[in-house]
Amino acid sequence: MEADHVLQYTASGATVDVIRPGAVERAAGRLQGEAKSQAEELLRREPWGHGDAPEVKQAAGGLRERLGVNAMGELTQSTHLYDDPSKAGLTALADIATRPVLGVPFPLVSTPSALAYAARVGVDLEAVVAADAAIPDETRWREGVIQRAGTDLLDVLYPSSPQDTLAMRDPAAARCTRLDRDRLRAEPVAVLGDRPEDFALAQLAALVHGPCMWLPWTRLDWMTISGRFPRWSGAGPVRVTSASMTLEEVEARMRVMWEQRASIIIDGTEVDDEAYQCVPAVALRTSGQGLYVHDQAWDLPRSLPVTVQADGSLEAALGLPPEVPPGLDPDRDKWQVLLLASDHPLPPHRVLGGDTLYAAHSNARETFVRAANGGITYSSHRFDFVPRGASLAGTLAAPRLRWPSLPTLLTMTAAPHPVQPSAAGKRTAVTQRLLGSRTALEDLAAGPGWHLLKTFLPEQQHESQPEETWWALKTSVVMSFRALDAVPAEHEWDSQQRRTQVDEWTRQGVLRRGLALGCVDCPAFEFYPLDEVAQHYRCRRCGAVNELVQARWKRDTSEPEWYYELHPAVAELIDKNADVPLLATRYLRRQILGMAPLVGAEFEILRDGKPFVEIDFALATSDEIWLGEAKKSSALGNGHRDIKKELCKLLDGCRAVAAQRLILATAAPAWSTATVTVAARELHGLSMAHKYAPDIYLLTAVGTSGPGLELLTPAAS
């Protein structure tokens, strides 16, 4: 699941004493009188000081590693979540709620059914249940879980409550609203099992995936799920999972439920397709990301002076104006500030903590900084020294922050393994520099210009080009404009458009204009760029000094004709079929909603000083890191052994940088059956072993009018 921050929950002594009556008294020991009262009061107020169980620490560490989120570092300033808002540095719900809020009285949370309902609406630790109160039975609790919205059961528990009462866990109670960022459709989740780990999984899934319900009952009815997630709502199949049950047990329980369901008739036809999908908990994925924001939050566009570093990273100093969201107390309440740099998203990766997001010579303990929601978020108030009586502007944090470039981010994520551009990556970087951007290079690969420039490669000349208009010299092929104008275009591209484009390429340095000249002492003809042509020039082969006279022309004409030579880096790029990864990233960036992704060229990850994997392209979105492999053919290798070897290297590279997706792109209409089979089985094996595995997407028919992108489903051997 794509959480961007994992916190450890620590209960206060008061909460522990409610769950285990007498715990505080026993912890106070043999103290008597006033000393005992003070000790018990301190224990109730402070976080419960018990040692963490080793298995809890191990599970939390594994979750951080698998999700690729915040690690436990020296500069992690918030690593626990307390139930006491004052200890957590949060604002209590009661202090900002404008409408009355209610939850299930704690004494009533005595069965899994009651807990399942209380998990939806919240628990009131201070509520007192009247002796004559109507206590809901198991059926009533279950009905409350199934209900899509409303507080009907709370109305039974609190019959005299005002009409505008909200459930404690309703985002509106905290004056918040949920935003779905880049989510294309709802993806509901149902969690089976009555164990504590099932309850915890349901709570996490509700935050990460959106609509979720916990079903702790052994006997299920399909209406239990369909009543909460109706088919006609436009949602996809309900994903069913469990933390305590095996996938086979989940499938068996759901199969019995499905076979016992009532028939569904639509347009006179019985619907028999299963509207659910059983998945292991480790395989839950959601496209997009949910975000809760204050209902009085506002966007504040600001033009800030930004310094672009040599590696492409951005640095900017930010000072908040002395403004506070309406309804909050500027002297007490804290809020989060989210900074989004235009077209420079940051995925919520574990390496992007305070020390990596602060600019050089900044105070890394001024405030808590981390990457989230595509940008950098930090706490509004300063954590370091604040003088007494300081103004509001003096208490607000004003960090100097850094948005790492994609190469820098990959270097940080792969550490301690070095990352370096591959030979193809260096050629791509040179061409990007000439054209001005990666986007311009992708557009070149997608347009008729790529086909035209390809004729500069040896033995790639077209039969329609007159022989006297191009020459294959020892070092390169040079062409006149007449030769370029004679190449058949894949698209409508008239002579004037070609003339304009050739002039633009010449200005950029993609093409070099010059003359093909000979030597008086040796028979070699060479290309001499315009910048090097003078009345006297030195032969590149023998060093003889030559006069710029008619005898040196390549053709016996009164005046020489201009020739054009393709930049060597661009020529190698075209010769190595670099258009496939370029067209793949061009397609992918257009599928991503919201902020434009960062796109990187080919790079290598080293191990023991030697490259162990080469990645064809990388993308960083506001949610994830994607790595990709691009092929002109339909297979990763020759035979099962080669395919598996290549795939394992790619998966190893994804593991090194904690990438969430691996894109396999091909110019062929489809990937070979062998490649798909090997990839599906490898994913299944990693899932069964509970090892890290990215989602694998198959991108086919790259460069055509109808490319396809499909998520690969793991398959058993």
Chi angles and distances behind the side chain to side chain donor-acceptor pair (under 3.5 Å) call for Gln336, Thr377: CA-CA 6 Å; Gln336 292 288 316; Thr377 184; 3.0 Å; yes
Derivation of the side-chain contact (heavy atoms from CB on, under 4.5 Å) call for Ile376 and Leu346: CA-CA 8 Å; Ile376 302 177; Leu346 289 182; 3.7 Å; yes
Determine, stepwise, if the pair Ser242 / Arg195 fulfils side chain to side chain donor-acceptor pair (under 3.5 Å). CA-CA 9 Å; Ser242 175; Arg195 301 294 302 163; over 6 Å; no
Salt bridge (Lys or Arg N to Asp or Glu O under 4.0 Å) for Lys632 and Asp579? Distances and angles first, verdict last. CA-CA 9 Å; Lys632 202 143 186 105; Asp579 55 327; 3.7 Å; yes
Run the side chain to side chain donor-acceptor pair (under 3.5 Å) check on Gln432 and Ser437 step by step: do they pass? CA-CA 5 Å; Gln432 285 183 200; Ser437 68; over 6 Å; no
Checking Ser405 against Thr408 for the side chain to side chain donor-acceptor pair (under 3.5 Å) test, could you report, in this order, the C-alpha distance in whole Å, the side-chain angles of both residues, the deciding distance, and whether it holds? CA-CA 5 Å; Ser405 64; Thr408 302; 2.9 Å; yes
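Remark: Gln420 CD is packed, more than 12 non-hydrogen atoms of other residues, nucleotides or ligands lying under 6.0 Å away. Residue Lys649 qualifies as enclosed at atom NZ: its count of foreign heavy atoms under 6.0 Å is above 12.
Looking at every heavy atom in both residues, Leu573 comes nearest to Thr431 through CD2-OG1, 3.6 Å. Annotation for Trp671 and Ser633: closest pair CZ3-O, 4.3 Å, computed over non-hydrogen atoms. Counting all heavy atoms, side chain and backbone alike, Pro345 lies closest to Pro597 at CG-CA, 4.0 Å. Shown here for Asp616 and Ala630, the closest heavy-atom pair between the two residues is OD2-N, 2.8 Å. In plain terms, the two heavy atoms of Ala601 and Thr428 that are nearest each other are CB-CG2, 3.6 Å. What you find for Trp403 and Ala341 is that their closest heavy atoms are NE1-CB, 3.7 Å.
Between Ile605 and Glu614 there is no side-chain heavy-atom pair separated by less than 4.5 Å. With a 4.5 Å cut-off on side-chain heavy atoms, Ile615 and Glu602 do not count as touching. Side-chain contact check for Val189 versus Val238: every heavy-atom pair is 4.5 Å or farther apart.
Judged purely by atom type and a 3.5 angstrom limit, Thr356 uses its side chain to pair as donor or acceptor with the backbone of Val351. The backbone N or O of Val657 sits less than 3.5 Å from a side-chain atom of His349, completing a donor-acceptor pair.
Using modelled atom types, one finds no donor on one side chain facing an acceptor on the other under 3.5 Å when comparing Gln460 with Thr455. Side chains of Thr439 and Arg586: no donor on one and acceptor on the other come within 3.5 Å.
Expressed to the nearest 0.5 Å, how far CG of Leu651 lies from CD of Glu646 amounts to 10.5 Å.
A cation-pi arrangement, defined by a distance under 6.0 Å to the six-membered ring centre and an angle within 45 degrees of its axis, is present between Arg607 and Phe612.
Between Pro347 and the options Thr621, Thr413, Leu409, Asp623, a side chain to side chain contact (heavy atoms under 4.5 Å, CB included) holds for only Leu409.
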